[in-house]
Asks: 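Mind having a look at this structure? Questions to follow.
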Amino acid sequence: SSFVGYEPLYAPHINDAGLCAGCHTLITETADLSGVLTGGHFVEQATYHEWLNSSFNTDVDPDNGITCQGCHVPRIDDAIVISANYLFLTGRSPYGLHHFAGANTFMLQLLKDNIVDLGLTASPAQFDSTILLTNIQLQQKSLMLDVSMEDRTPDTAFIDVNLTNIAGHKFPSGYPSRRAFVQLDVLNDEGDTLFSSGGWNSAYEVNGHDADWEPHHDVITAEDQAQIYEQVMADVNGDKTTVLERAASLLKDNRLTPLGFSTSHPSYDTTLVVNVPVSDVDFNHDGLGVEGSGTDIVHYHVPMNGYMGPTHVHARFWYQTPPPRWMQEMFAYNS
């Protein structure tokens with residue numbers, strides 16, 4: 001304390017998920033196409049509310065719940081000196097590793113590539129470290145994927161892709177540009193593609209994406225259908241928009257819900273599921289129809305056209321921070 005003029009003290013609220021709520025619950029005011037405020041509001045993100053509406057909520061389950069900090073500021077019991085220069089000081093414990101790893105490697109790489117122009121003080125090595133931690137968060141702590149061939153005839157291969165959200169909030173979460181999508185490729189024994197859904201083109205747009213927005217699919221039967229988990233915003237006229245100040249309502253929110261998520265929870269008004277058809281009975285429901293599974297099964301009915309030889313099925317789940325159509329509308333403006 002003699003160096004900085006204050007005594008660092010332990011405070012329990014630092015490990016409370018509510019500490020994160022102030023920034024990760026953001027409700028914006030809606031403007032019409034002329035920029036005039038309408039008096040309406042739009043939930044830009046409600047990651048904290050998604051956590052409240054989950055089995056991770058420590059208020060509901062103090063023994064098994066996990067706070068935001070439990071994943072993003074992982075705690076260790078080692079004694080850590082909280083200074084970069086005075087290593088002779090007494091270490092403090094417990095300590096939260098300041099990883100703050102989310103999912104946005106795109107922005108981290110953009111910052112790293114422009115350190116000088118942006119006047120940043122972090123080094124390339126420090127950015128690389130955070131990018132690595134972010135990839136670990138994405139690849140190991142966000143989702144479980146399982147693929148099964150349920151049945152097969154000369155006409156059709158019935159393939160299920162089972163997705164389980166293991167994050168403590170929707171996946172994706174945060175700023176509404178973020179989306180994730182399933183790629184499924186079926187190949188014959190020679191490696192030739194028999195069927196492909198959810199790949200992307202040279203502009204990083206998902207193949208088969210509808211002109212406006214891609215609906216949620218329970219069953220996919222054609223290559224021009226792809227399962228994309230995302231928010232799609234609408235303006236005051238009900239038209240799709242990526243301009244946040246114009247956002248007035250949702251055309252779609254089929255993002256994977258967390259374990260324990262319920263449509264009857266008090267925070268559901270800020271964590272809506274939108275335009276997932278009721279016929280998709282396995283979205284956030286287990287095999288017995290119980291809500292809160294945090295899962296979804298995408299059913300692929302793959303045309304085989306008489307082919308009965310060996311097949312190779314590859315399923316991947318991709319995460320994308322800046323979809324190209326968000327970039328297009330943003331770059332239409334200059335300042």
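Atoms considered below: every heavy atom in the structure, side chains included; atoms not considered: hydrogens, waters and symmetry mates. We number each residue from 1, following the sequence as shown.
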Asks: Set out, in order, the CA-CA distance, both residues' side-chain angles and the distance that settles side-chain hydrogen bond (donor to acceptor under 3.5 Å, both in side chains) for Glu245 and Thr28, then state yes or no.
Replies: CA-CA 7 Å; Glu245 70 169 6; Thr28 58; over 6 Å; no
Asks: Enter the distance from Leu108:CG to Gln126:CD here, rounded to the nearest 0.5 Å.
Replies: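 If I round to the nearest 0.5 Å, the distance is 12.5 Å.
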Asks: Rounded at 0.5 Å granularity, tell me how far CG in Asn284 sits from OG in Ser293.
Replies: 5.0 Å
Asks: Show your working on ring pair (Phe, Tyr, Trp, His ring centres under 6.0 Å) between His98 and Phe100 and close with a plain yes or no.
Replies: CA-CA 6 Å; His98 287 44; Phe100 293 108; 5.7 Å; yes
Asks: When rounded to the nearest 0.5 angstrom, what distance separates CG in Leu187 from OG1 in Thr193?
Replies: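 So the gap between those two atoms works out to 4.5 Å.
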Asks: What distance do Leu133 atom CG and Asp128 atom CG have between them, rounded to the nearest 0.5 Å?
Replies: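 Taking CG in Leu133 and CG in Asp128, the distance rounds to 11.0 Å.
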Asks: Show the numbers, then the answer: is there a side chain to side chain contact (heavy atoms under 4.5 Å, CB included) between Thr295 and Asp282?
Replies: CA-CA 7 Å; Thr295 61; Asp282 52 49; 6.0 Å; no
Asks: Is a side-chain donor-acceptor pair under 3.5 Å present for Asp77 with Tyr95?
Replies: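 No, no side-chain donor-acceptor contact under 3.5 Å.
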Asks: Determine, using ring centers only, whether His169 and Tyr48 are less than 6.0 Å apart.
Replies: no
Asks: Starting at CE of Met233, measure out to CH2 of Trp213 and round the result to the nearest 0.5 Å.
Replies: 14.0 Å
Asks: Distance only, no hydrogens: is a donor on one side chain within 3.5 Å (strictly under) of an acceptor on the other, for Thr30 and Thr38?
Replies: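 Not at all, the side chains of Thr30 and Thr38 share no donor-acceptor pair under 3.5 Å.
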Asks: What residue pairs, at least two apart or across chains, pass salt bridge (Lys or Arg N to Asp or Glu O under 4.0 Å) with a residue in residues 153-177?
Replies: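 Output for this query lists Lys170-Asp253.
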Asks: Would you check, one step at a time, whether the test ring pair (Phe, Tyr, Trp, His ring centres under 6.0 Å) holds for His301 with Phe158?
Replies: CA-CA 5 Å; His301 296 180; Phe158 298 89; 4.8 Å; yes
Asks: Is the centre of the Phe171 ring less than 6.0 Å from the centre of the Tyr319 ring?
Replies: yes
Asks: Among residues at least two apart in sequence or on other chains, which ones pass side-chain hydrogen bond (donor to acceptor under 3.5 Å, both in side chains) with Trp318?
Replies: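 If we apply the side-chain hydrogen bond (donor to acceptor under 3.5 Å, both in side chains) test to Trp318, skipping adjacent residues, the hits are Gln183.
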Asks: Any salt bridge between Glu29 and Arg246, counting N to O under 4.0 Å?
Replies: no
Asks: With Glu230, which residues qualify under salt bridge (charged side-chain N to carboxylate O under 4.0 Å, His left out), at least two apart?
Replies: Lys252
Asks: Using the salt bridge (charged side-chain N to carboxylate O under 4.0 Å, His left out) rule, take Glu7 and Arg92 through it: C-alpha gap first, then chi angles, then the decisive distance, then the call.
Replies: CA-CA 12 Å; Glu7 177 70 20; Arg92 292 173 178 270; 3.2 Å; yes
Asks: Nearest 0.5 angstrom please: Ser262 OG to Asn53 CG, how far?
Replies: 6.0 Å
Asks: Please determine, by modelled atom types, if Glu329 and Thr242 share a side-chain donor-acceptor pair under 3.5 angstrom.
Replies: yes
Asks: Just by distance, with hydrogens left out, do Asp280 and His216 show a side-chain donor and acceptor under 3.5 Å apart?
Replies: yes
